[in-house]
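What follows is a set of notes on a single structure, which appears directly below.
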Amino acid sequence: MNFKEKTAVFLGTGLYIGRIPVMPGTFGSGLGLLLCFTLSCVPLIVAANLVIGFIIVSIWISQEAEKSLGQKDPGCIVIDEMAGMVVTLLGMPFTITTVVTGFFLFRLLDIVKPPPIRFIQDTFEGGAGVVMDDVAAGVAGNIILQLLFR
């Protein structure tokens, strides 16, 4: 692997957290909480723009990591869970209640993949296919959190 491929795998696996043999998506979502905390410290408009940028970069990184690993949506790529987690908590106060509820809600939606999340996963290819179902789970999770806590 060349430097570009190694970098894509390093970032795509969430600094190799995705290499943990059990529940890599859950650990990747946990890593995403660090980004959520950071984003909670800036104005919402700034956070929203950073999240959009992160999603775009995540799609590219996932595309490159898929190619480097020679697999379609391998479980070790967890940058998509990180993206979904930040979408879930975007605009929410960073409290123990919202974080724990949002974390479990996102994981449930990501694992079960109710419609239209499964449709999105099955429709998109490459990096977009890896990331956008998690973003959709994050949007659904955020809506539910907004209804629960606002």
Side-chain angles (χ1 to χ4, degrees), residues 3-20 23-68 73-114 116-121 123-150:
F3 179 76
K4 176 183 165 190
E5 293 168 333
K6 287 178 184 177
T7 302
V9 170
F10 177 70
L11 295 174
T13 59
L15 317 179
Y16 295 129
I17 283 178
R19 298 280 192 188
I20 294 172
M23 302 184 310
T26 300
F27 285 103
S29 298
L31 181 61
L33 291 177
L34 295 174
L35 289 174
C36 294
F37 173 72
T38 303
L39 292 170
S40 74
C41 298
V42 300
L44 181 57
I45 189 70
V46 173
N49 283 305
L50 290 170
V51 169
I52 291 167
F54 185 73
I55 291 167
I56 292 166
V57 170
S58 295
I59 291 170
W60 180 79
I61 288 171
S62 296
Q63 176 85 23
E64 295 302 313
E66 257 192 341
K67 282 192 246 176
S68 298
D73 199 0
C76 64
I77 295 178
V78 296
I79 197 168
D80 54 330
E81 275 83 10
M82 295 168 64
M85 195 72 248
V86 297
V87 170
T88 300
L89 293 178
L90 181 65
M92 296 299 301
F94 197 85
T95 66
I96 190 72
T97 306
T98 56
V99 169
V100 169
T101 304
F103 181 84
F104 284 109
L105 188 57
F106 169 70
R107 290 305 301 143
L108 177 67
L109 291 166
D110 187 35
I111 292 166
V112 174
K113 296 196 188 310
I117 298 166
R118 172 116 17 230
F119 174 79
I120 291 169
Q121 180 185 29
T123 301
F124 289 95
E125 296 287 323
V130 174
V131 175
M132 292 311 293
D133 65 306
D134 293 87
V135 169
V139 169
N142 188 286
I143 291 168
I144 294 168
L145 284 178
Q146 296 286 343
L147 292 171
L148 287 173
F149 294 105
R150 299 268 176 177

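In this text the structure is predicted, and so the values were computed from the model without any measurement. Numbering starts at 1 and runs along the sequence shown. Computed over heavy atoms, backbone and side chain alike; hydrogens, waters and symmetry mates excluded.
Taking 4.5 Å as the limit, every side-chain heavy atom of I120 sits out of range of all side-chain heavy atoms of V135. When side chains are defined from C-beta on, L31 does not count as touching V78, because their heavy atoms never get closer than 4.5 Å.
Put simply, the side chain of T88 never gets that close to the backbone of G102: no donor and acceptor are under 3.5 Å apart. Of the possible polar contacts, none joining the D134 side chain to the A83 backbone as a donor-acceptor pair under 3.5 Å is found.
Note that OG1 of T38 is 10.5 Å distant from CG of L33, once rounded to the nearest 0.5 Å. For the atom pair CZ (F54) and CD1 (I56), the distance works out to 12.0 Å, reported to the nearest 0.5 Å. Note that CG of L109 is 11.5 Å distant from CG of D133, once rounded to the nearest 0.5 Å. Atom CE of M132 sits about 14.5 Å away from atom CD of E125, to the nearest 0.5 Å. Rounded to the nearest 0.5 angstrom, I17 CD1 and S29 OG are separated by 10.5 Å.
When every heavy atom of M82 is checked against every heavy atom of G28, the shortest pair comes out as CG-O, 3.2 Å. Here the closest heavy-atom approach between residue K113 and residue R118 is recorded as O-CB, 3.4 Å. Between R19 and T13, the closest heavy-atom pair is NE-CG2, 4.5 Å. Contact record, F94 with S40: CB-OG, 3.6 Å, taken as the closest heavy-atom pair. When all heavy atoms of G32 and M85 are compared, the pair lying nearest together is C-CG, 4.3 Å.
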Stepwise, does the side chain to side chain contact (heavy atoms under 4.5 Å, CB included) test hold for T95 with F149? CA-CA 11 Å; T95 66; F149 294 105; over 6 Å; no
Is there a side chain to side chain contact (heavy atoms under 4.5 Å, CB included) between E5 and K67 once you walk through the steps? CA-CA 8 Å; E5 293 168 333; K67 282 192 246 176; over 6 Å; no
Run the side chain to side chain contact (heavy atoms under 4.5 Å, CB included) test on L90 and L44 for me, step by step, so that the C-alpha distance in whole Å, both residues' side-chain angles and the decisive distance to 0.1 Å come before the verdict. CA-CA 8 Å; L90 181 65; L44 181 57; 4.0 Å; yes
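In this structure F119 satisfies the side chain to side chain contact (heavy atoms under 4.5 Å, CB included) test together with T123, sequence neighbours excluded.
Counting non-hydrogen atoms of other residues, nucleotides and ligands closer than 6.0 Å to CD1 of I45 gives a total of 12 or fewer.
Each of I77, D80, I79, L11 was evaluated against S58; a single residue qualifies, I79, per the side chain to side chain contact (heavy atoms under 4.5 Å, CB included) test.
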